[in-house]
Amino acid sequence: MQNVALVIVLAPLIGAIIAGLFKVNRTVAHSVTIGAVGISFFLSLYVFYQIVIAGHAPFNETLYTWLVAGNVRLEIGFMIDSLTVLMMLVVTFVSWMVHFYTIGYMKDDPGYQRFFSYISLFTFSMLMLVMSNNFVQLFFGWEAVGLVSYLLIGFWYTRDSATYANLKAFLVNRVGDFGFVLGIAAVLMAFNTLNYTEVFELAQNGQYQETISIFSGSEWSFITVICILLFIGAMGKSAQFPLHVWLPDSMEGPTPISALIHAATMVTAGIFMVARMSPLFELSTTALSFVMVIGGITAIFMGLLGLVQNDIKRVIAYSTLSQLGYMTVALGVSAYSVGIFHLMTHAFFKALLFLGAGSVIIAMHHEQDMRKMGGLKKYLPITYWTAVIGSIALCGFPFFSGFFSKDAIIEAAHHAYEAERAGAWFAYYAVLIGVFITALYTFRMLFLTFHGKERMDEHTREHLHESPWVVTGPLIALAVPSIFIGIFTLEPLVFGNYFDGAIFVNAAHQAFDPEQYNGVFGFIGHGLMQLPFWLASAGLGTAWFLYIKRPDIPAMIATRFALIHKILLDKYGFDRFNDWFFAGGARGIGSGFWRIGEITLIDGFINGLAKIVAWFSGVIRNVQTGFLYHYAFSMIIGLVVLLGWFVYIR
């Protein structure tokens, strides 16, 4: 297993090195990276068979000891259990599809080889993160995906908007990562080890310092502090309020990387990390409530922003924010398995929607404004029907994958609400109302893009045609799991024992009773009678009425509710606030240091001293005449002065 794990991790890295550091042509660049990620995917299938089907024990071994300091060991190692192998399959499969898709999307880009190198390196970084068995390696993967996302968001670095977006992503994630580093330091302080297994055993046995004094005279629960600090890191990576501002701007990167970031890598890292840390989070109801409320805020308020976006990729980006909020709510109500379940289903249909949007953008000659589209259904039939599948799955209609995972999250939130857990009422109503909002913005996007009046210019209309097979092939491949994956995985992931040993939940926090499960069709029948189904249907009907039947009404609504519309367009003012407070504040502090340090201290005082020394030297220089009698006379004068001073003292 050790050798297999090494190949899975290192294959994408080798592909990235060959494509990025060697002078290879385009064919070699995409062949070696696609082949490497393909190897990782098929070996992940083999590991899945060994761990899940054949029932072999989870693999947990240290491969290399990097540093030993006292009792603390910094190591490189792998932990491969049911949770890990599920993430490995999602990451490698979605990445593999994105690699194929990139051949068609980036065919005319001069940075073709560089892009393939980056996305392969991205895959390596995410695999290192999910396969780690200790906090040191977790942090390495955590920072590596952040670095590569910075490179990919700013891939078109000649655009000012791209360099602004990647810098924004980098800096916002530094805020979250600061909390994450403090969390890891707190883990080391509390448990004197950074190995997952050892930390979890000590935590469950209560062998740790219970309180910590952060401020004088106050005692905090140590485990609560650890969990909240770790979750702040997840807020950055998984774009939770208020550290969500970087994700919409990540659309400045090419569409394939938008799909990879939003579906299988970067943003899923925080969700995975919290699920992995379930033995810690289950010890702090305060931390769970904090997670729950943050997820609820993100789910509802980010979804509302999707209603006013006109850029097709930004609509999907705000959808990702909202769905990440759903996953976070699941984590907060202790339904970690449901959160991972939704992470998996979301990866497929969100990658499908992003790549479908990319197909539309290719056909529209890189036009992304939906107001300049319309009627594309007849020109792009494969793209259209795969987009329909992705949209239905996202909205959570029965039989599609999103239905099972989203309904399970709402049921878990409702259970927490009935149990009167702190913050659960808000989280429950947030994810419930979010169902209507999701259906409304999703079908608004579908109708504006593919239905109604054609709004593109004549030149674009004349050249409209379906994308090549390297683009449509991955769409079809992703559409299949977007339909069926939920049907086959609902029972083992939510009601079964798939995650036994990988995820820990207190008995008091259990949201689902396996004995109440009546099969997939029983779950569907139950869902058809519940409010989420009718809210999703109402969202679909509202979108049809507003954008097909009466397309004049949305403008009237925007005028009537101009203040609300402006707030949504302004994204609640977060960007302006950050530019004023953080960016402007940083510039102000820098300006102050420049004025005080550079002008006053260095130019004024230090350079002033230098000028005084130079003046005094100029005066003294005049004494140096070069005549011997002048020096003898000076010595006599000095001797007389000394004698006079001596006589005066006596």
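Positions are given from 1, in the same order as the sequence printed here. In this text, all values refer to a predicted model and were calculated from it rather than measured experimentally.
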Exercise. Does the pair Met126 and Thr123 meet the rule for a side-chain contact (heavy atoms from CB on, under 4.5 Å), with working shown?
Worked result: CA-CA 5 Å; Met126 191 65 186; Thr123 308; 6.0 Å; no
Problem set entry | Trace of the side-chain contact (heavy atoms from CB on, under 4.5 Å) decision for Asn518 with His526 | CA-CA 10 Å; Asn518 298 315; His526 176 75; over 6 Å; no
Exercise. Should Tyr336 and Phe499 be marked as a side-chain contact (heavy atoms from CB on, under 4.5 Å) after you check the CA-CA gap, both sets of side-chain angles, and the distance that decides it?
Worked result: CA-CA 9 Å; Tyr336 306 97; Phe499 289 112; over 6 Å; no
Exercise. Going through the distances and angles, do Ile212 and Met189 end up as a side-chain contact (heavy atoms from CB on, under 4.5 Å)?
Worked result: CA-CA 11 Å; Ile212 182 174; Met189 179 180 175; 4.2 Å; yes
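Remark: the Ser284 side chain and the Thr224 side chain contain an N/O donor-acceptor pair separated by less than 3.5 Å. With hydrogens and angles left out, the side-chain atoms of Ser405 and Thr345 include a donor and acceptor closer than 3.5 Å.
With contacts defined as side-chain heavy-atom distances shorter than 4.5 Å, the pair Val431/Ile300 does not qualify. Using a 4.5 Å heavy-atom cutoff, the side chains of Leu171 and Trp246 are not in contact. Ile261 is listed as a side-chain neighbour of Ile153, based on a closest heavy-atom distance under 4.5 Å. A heavy-atom distance below 4.5 Å is not found between the side chains of His509 and Val333. Taking 4.5 Å as the limit, some side-chain heavy atom of Ile257 sits within range of a side-chain heavy atom of Phe122. Side-chain atoms of Ile80 and Asn60, non-hydrogen and from C-beta on, never get closer than 4.5 Å to each other. Between Phe78 and Leu6, some side-chain heavy-atom pair lies under the 4.5 Å cut-off. Looking only at side-chain heavy atoms (C-beta outward), Phe222 and Glu210 stay at 4.5 Å or farther from each other.
Here Glu411 does not pair with Lys406 in a salt bridge; the nearest charged N to carboxylate O distance is not below 4.0 Å.
Around CD of Gln209, the count of heavy atoms belonging to other residues, nucleotides or ligands within 6.0 Å exceeds 12. More than 12 heavy-atom neighbours from other residues, nucleotides or ligands sit within 6.0 angstrom of CD on Gln530.
Distance alone, capped at 3.5 Å, is enough to place a donor-acceptor pair between the Asn195 side chain and the Thr197 backbone. Checked by atom type and distance alone, the side chain of Ser278 pairs as donor or acceptor with a backbone atom of Phe504 at under 3.5 Å. Thr328 contributes no side-chain N or O that, together with a main-chain N or O of Gly295, makes up a donor-acceptor pair within less than 3.5 Å. Proximity of a side-chain donor or acceptor of Asn134 to a complementary backbone N or O of Gln137 within less than 3.5 Å is detected. Judged by distance alone, with hydrogens and angles left aside, the side-chain atoms of Tyr572 form a donor-acceptor pair with the main-chain N or O of Phe301 at under 3.5 Å. The backbone N or O of Ala234 lies less than 3.5 Å from no partner atom in the side chain of Gln240, so there is not a single donor-acceptor pair. For Thr265 (side chain) and Leu260 (main-chain N/O), a donor-acceptor pair under 3.5 Å exists by modelled atom type. A distance-only check finds a donor-acceptor pair linking the side chain of Ser289 to the backbone of Ala422 [under 3.5 Å]. At least one donor-acceptor pair under 3.5 Å links the side chain of Tyr498 to the backbone N or O of Ser82. One N or O on the side chain of Ser238 and one on the backbone of Val267 form a donor-acceptor pair closer than 3.5 Å.
Taking all atoms of both residues into account, the shortest heavy-atom contact from Val37 to Ser120 is CG2-OG, 4.3 Å. Residues Phe93 and Pro481 approach most closely at CE2-CG, 4.5 Å, considering heavy atoms. Shortest non-hydrogen contact noted between Ala351 and Val94 is CB-CG1, 3.9 Å. Nearest heavy atom pair, residue Thr84 against residue Val130, reads CG2-O, 3.4 Å. In terms of heavy-atom proximity, Ser250 sits nearest to His262 at OG-NE2, 3.2 Å. For Val520 against Phe404, the heavy-atom pair with the smallest separation is CG1-CE2, 3.8 Å.
Using a 30° and 60° split on the angle between ring planes, Phe135 and Tyr196 fall in the perpendicular class, above 60°. By the 30° and 60° cut-offs, the orientation of the rings of Tyr517 relative to Phe495 is parallel.
For Tyr417 and Tyr429, the gap between ring centers is short of 6.0 Å. Two rings, from His244 and Phe574, have their centers less than 6.0 Å apart.
Rounded to the nearest 0.5 Å, atoms CD1 (Ile316) and CG (Leu394) are 9.0 Å apart. Taking CG from Asn173 and CG from Leu247, the interatomic distance works out to 9.5 Å, rounded to the nearest 0.5 Å. Annotation: the span from Phe349 atom CZ to Gln323 atom CD amounts to 5.5 Å, rounded to 0.5 Å. Taken from NE2 in His346 to CD1 in Ile340, the straight-line distance is 13.0 Å, to the nearest 0.5 Å. Atom CG in Leu121 sits 4.5 Å away from atom OG in Ser125 (nearest 0.5 Å). The structure places CZ of Phe341 at 9.5 Å from OG of Ser337, a figure rounded to the nearest 0.5 Å.
Annotation: salt bridge (Lys or Arg N to Asp or Glu O under 4.0 Å) contacts involving residues 275-291, sequence neighbours excluded, comprise Asp81-Arg276. Judged as a salt bridge (Lys or Arg N to Asp or Glu O under 4.0 Å), not a single pair has a partner in residues 418-432 (not counting sequence neighbours). Evaluation of the salt bridge (Lys or Arg N to Asp or Glu O under 4.0 Å) test over residues 422-435, restricted to residues two or more places apart or in two chains, returns none.
Scanning for side chain to side chain donor-acceptor pair (under 3.5 Å) contacts around Glu75 gives Thr62, Arg73, with sequence neighbours left out. Asp500 is linked by a salt bridge (charged side-chain N to carboxylate O under 4.0 Å, His left out) to nothing, counting only residues two or more places apart in sequence or in another chain.
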Can you give the donor-acceptor pairs under 3.5 Å from side chains of residues 40-49 to other protein atoms, not counting sequence neighbours?
from  : atom 1 : to    : atom 2 : distance (Å)
Ser40 : OG     : Ile8  : O      : 2.8
Ser40 : OG     : Ala36 : O      : 3.3
Ser44 : OG     : Ser40 : O      : 2.7

